[in-house]
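Accompanying notes for the structure given below.
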Amino acid sequence: MSVIAHLINGERVLGERTAEVFDPSRGLAIRRVSLADHATVQQAVAAAAAAFPVWRNTPPARRAQVLFRFKQLLDEHRDEIARLISEEHGKTLEDAAGEVQRGIENVEYACGAPELLKGEYSRNVGPNIDAWSDFQPLGIVAGITPFNFPAMVPLWMYPLAIACGNCFILKPSERDPSSAMYVAELMLQAGLPKGVLNVVHGDRAAVDALIEAPEIKALSFVGSTPVAEHIYTEGTRRGKRVQALGGAKNHAVLMPDADLDNAVSALMGAAYGSCGERCMAISVVVCVGDQVADALVAKLVPQIQALKVGAGTECGMDMGPLVTAAQREKVLSYIEDGVAAGAELVLDGRNVSVVGHEQGFFLGGCLFDRVMPDMRIYREEIFGPVLCIVRVGSLEQAIQLINAHEYGNGTCIFTRDGEAARLFCEEVEVGMVGVNVPLPVPVAYHSFGGWKRSLFGDLHAYGPDGVRFYTRRKAITQKWPQRASHEAAQFAFPSNR
Ligand code: NAD
């Protein structure tokens with residue numbers, strides 16, 4: 001079985017410790033991945049530290065040239081990347097292709113480095129005094145990424161960090177590391193100097209070594225909330241800048257006046273696409289009134305029953321398997337919990353079987369109705385193909401319910417009423433809001449982030465906030481008197497008055 005190596009200083013480095021990587025459609029280990037220890041992380045840190053002085057001083061326009069070539073290589077290799085994602089994650093090829101496209105858009109944004117780093121300039125802030133703000137790189141920064149977008153989330157991070165003049169250490173998910181590795185190698189092929197981007201694979205030991213390394217000035221994390229909170233606490237305690245994006249429980253509000261057929265189509269994709277393993281997946285529909293809830297159930301049931309469940313790498317599937325056997329077990333335990341708590345399991349996907357893939361980690365679409373806010377299936381992130389319906393009496397109650405939840409990643413409202421939509425956008429305490437848009441993932445030139453326990457840190461990921469996260473502002477005030485003249489000492493605080 002082949003072993004995936006680390007990528008340090010442009011070289012492949014094998015680890016002593018390894019873990020299995022599965023094809024979830026077949027339920028089989030297909031390769032192994034090296035797991036970094038403290039010494040391996042130190043090797044990556046040393047490579048990044050050696051590369052930084054030259055990269056920091058490389059003109060942004062030259063750094064952008066590497067990114068333009070990288071973008072071209074990504075375009076040329078879209079299909080291979082999508083296949084690797086699908087093989088190890090299980091998502092369908094079409095879904096994986098969408099992930100690759102959204103990742104490429106982050107590279108396109110980073111290609112604007114000269115514009116993004118232009119700084120701010122003010123002439124004559126005082127007599128013969130000019131002032132400007134410069135945005136300088138931090139040094140070595142690291143990114144730790146989740147299994148569910150194995151190619152896209154790394155692309156949220158390192159193209160922009162590197163465009164800003166930093167050196168980067170990526171620690172992809174050990175569950176599906178191949179696509180991230182393939183993409184990182186394309187970045188080197190694009191002409192990136194050795195050591196500017198390094199990849200270390202691994203588990204908690206590697207992450208702890210990244211948190212502890214004093215040379216690493218910032219950490220970007222995307223994953224579950226407990227780990228996000230741990231990394232934020234431990235990283236900031238050591239003086240690092242940390243941006244840690246966590247889990248979610250995304251609600252869609254269905255108003256009685258909504259275009260129901262279109263809302264149902266949107267909900268099918270948002271709840272069951274990628275087998276529910278998206279941080280922006282809709283996992284709760286809040287129906288305003290029993291009538292709309294009954295109508296929704298009647299329309300959803302036949303569509304969920306018709307979902308084509310199978311190997312993600314086979315064409316024409318709607319839903320692949322869950323990523324691992326453990327993830328499947330976790331989702332199953334939530335379904336049992338929901339039944340025991342008294343929610344109505346309208347559709348039970350537990351008995352789905354895929355011919356020829358009997359060992360795969362498959363689960364059919366599940367639908368719970370009459371879910372109550374105190375149930376675990378409502379409170380916690382399930383991260384599987386399980387949609388919960390909660391019934392409320394008014395839009396105000398729907399907003400109160402969402403605002404009371406610990407997570408605040410994404411939400412949306414389906415309505416034809418502009419007044420209701422505007423009230424919802426104003427009042428809802430969630431970072432990303434859609435109006436008749438079920439997955440309001442911001443485009444690359446905006447920034448991505450949730451509120452409450454869906455994000456620890458001050459700035460959102462990628463886009464304009466990403467530029468601020470990966471740079472430090474330096475404010476420079478400079479005076480060049482026009483002719484030599486003597487100035488008396490001033491003891492009052494300098495001002496223009
Ligand atoms: P995870 O938290 O298990 O793993 C994420 C990363 O952290 C991986 O690289 C993993 O190796 C590492 N890790 C895992 N346990 C660790 C520990 N105890 N200490 C240190 N590092 C550890 O998350 P996952 O299962 O890979 O991804 C799914 C989760 O990510 C979901 O909760 C999902 O909502 C969330 N997610 C959030 C966003 C967002 O933008 N908010 C995006 C994608 C995924």
Side-chain angles (χ1 to χ4, degrees), residues 17 19 21 24 33-36 41 88-91 99 102-103 106 142-157 169-177 180-181 199-212 219-235 242-250 274-283 322-324 326-328 330-331 334 380-384 405-411 430-432 439-442 447-457 459-463 465-466:
R17 229 164 33 99
V21 178
V33 59
S34 300
L35 300 176
V41 170
E88 292 181 354
H89 174 284
K91 66 176 74 173
E99 164 175 0
R102 291 300 288 260
N106 290 97
I144 299 147
T145 54
F147 81 84
N148 68 324
F149 284 102
M152 180 184 78
V153 173
L155 290 174
W156 284 3
M157 299 177 180
I169 303 175
L170 173 69
K171 210 276 323 145
S173 171
E174 69 279 32
R175 286 188 258 180
D176 49 5
M181 190 64 180
V199 183
V200 294
H201 300 285
D203 50 17
R204 183 169 183 163
V207 175
D208 284 346
L210 291 168
I211 297 172
E212 283 157 18
L219 296 167
S220 298
F221 172 83
V222 177
S224 59
T225 287
V227 183
E229 192 165 25
H230 164 73
I231 290 177
Y232 183 77
T233 309
E234 291 305 311
V242 183
Q243 168 177 73
L245 282 68
K249 195 80 181 174
N250 305 311
S274 202
C275 212
E277 292 172 319
R278 289 180 184 144
C279 66
M280 290 292 276
I282 293 293
S283 50
L322 287 154
V323 68
T324 54
Q327 184 68 18
R328 186 172 183 279
K330 188 176 154 201
V331 178
Y334 275 111
E380 297 178 14
E381 182 182 46
I382 299 176
F383 229 53
H405 204 285
E406 67 169 319
Y407 293 124
N409 213 40
T411 188
V430 173
M432 293 171 282
L439 296 176
V441 177
S447 297
F448 181 108
W451 285 13
K452 299 187 275 186
R453 289 175 61 75
S454 292
L455 186 147
F456 301 86
L459 291 167
H460 287 197
Y462 67 74
D465 271 18

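Basis for what follows: all heavy atoms, side chains included, without hydrogens, waters or symmetry-related copies. Counting convention: from 1, in listed order, for ligands and their atoms alike.
- Closest heavy-atom approach to atom 42 (C) of ligand 1 within the set Gly431, Ala248, Cys279, Ala206: this belongs to Cys279.
- Ligand 1 has no nitrogen or oxygen under 3.5 angstrom from a nitrogen or oxygen of His230.
- Contact between Asn250 and Gly410 at its shortest, heavy atoms only, is OD1-N, 2.8 Å.
- Of all heavy-atom pairs between Thr411 and Pro440, the closest is O-CG, 3.6 Å.
- Taking 4.0 Å as the cut-off, Tyr407 does not count as a neighbour of ligand 1 on heavy-atom distance.
- Taking the side chain to side chain contact (heavy atoms under 4.5 Å, CB included) definition, one finds that Val227 meets it with Phe221, Ser224, Ile231, sequence neighbours left out.
- Closest non-hydrogen pair, Cys279 versus Asn409, comes out as O-ND2, 3.2 Å.
- Annotation for Glu406 and Lys452: closest pair O-CB, 3.2 Å, computed over non-hydrogen atoms.
- Given atom 19 (N) of ligand 1, the protein heavy atom at minimum distance is Arg204 CG, 3.4 Å.
- The heavy atom nearest to atom 8 (C) of ligand 1, considering only Val323, Asp208, Thr145, is found in Thr145.
- Atoms CG and CG, on Leu170 and Leu210 in that order, are 9.5 Å from each other to the nearest 0.5 Å.
- With respect to atom 28 (C) of ligand 1, the closest heavy atom belonging to the protein is Phe383 CE2, 3.5 Å.
- Taking each of Glu174, Glu381, Arg175 in turn, the one with a heavy atom nearest to atom 11 (O) of ligand 1 proves to be Glu174.
- Ligand-side atoms of ligand 1 in range of Ile144: 6 (C), 7 (O), 9 (O), range being under 4.0 angstrom from any heavy atom.
- Note that atom 3 (O) of ligand 1 has protein non-hydrogen atoms nearby, at separations under 4.0 angstrom.
- Rounded to the nearest 0.5 angstrom, Phe149 CZ and Glu99 CD are separated by 6.0 Å.
- Under the 4.0 angstrom criterion for non-hydrogen atoms, Gly449 is not in contact with ligand 1.
- In this structure Glu229 satisfies the side chain to side chain donor-acceptor pair (under 3.5 Å) test together with Arg453, sequence neighbours excluded.
- Close N/O approach between Gly246 and ligand 1 is found [any backbone or side-chain N/O within under 3.5 Å].
- Atom CG in Asn106 sits 7.5 Å away from atom CE in Met152 (nearest 0.5 Å).
- Backbone and side-chain nitrogen or oxygen atoms of Asn148 are examined, and none is located within less than 3.5 angstrom of a nitrogen or oxygen of ligand 1.
- Residue contact check: Asn409 has heavy atoms under 4.0 Å from atoms 41 (N) of ligand 1.
- For atom 23 (O) of ligand 1, the nearest protein heavy atom (residue, atom name, distance) is Ser224 N, 3.5 Å.
- The two residues Ala205 and Arg17 make their nearest non-hydrogen contact at CB-NH2, 3.7 Å.
- Heavy-atom minimum distance, Glu174 versus Val21: O-CG2, 3.9 Å.
- Taking atom 40 (O) of ligand 1 as the reference point, the nearest protein heavy-atom neighbour is Phe448 CE2, 2.9 Å.
- Near Gly202, with a cut-off below 4.0 Å to any heavy atom, the atoms of ligand 1 are 11 (O).
- Close N/O approach between Val227 and ligand 1 is not found [any backbone or side-chain N/O within under 3.5 Å].
- Using a 4.0 Å cut-off to heavy atoms of Trp156, the atoms of ligand 1 that qualify are 40 (O).
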From CA spacing to verdict: side chain to side chain donor-acceptor pair (under 3.5 Å), Tyr334, Glu380: CA-CA 9 Å; Tyr334 275 111; Glu380 297 178 14; 2.6 Å; yes
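- When the heavy atoms of Gly223, Pro146, Ala228, Gly247 are ranked by distance to atom 35 (C) of ligand 1, first place goes to Gly223.
- Below 3.5 Å of separation, one finds no N or O of Phe221 facing any N or O of ligand 1.
- Protein heavy atom at the shortest distance from atom 21 (N) of ligand 1 is Val207 CG2, 3.4 Å.
- Using the six-membered ring where Trp is involved, Phe383 and Phe147 have ring planes that are perpendicular, over 60° apart on the 30 and 60° scheme.
- Protein heavy atom at the shortest distance from atom 26 (O) of ligand 1 is Phe147 N, 3.0 Å.
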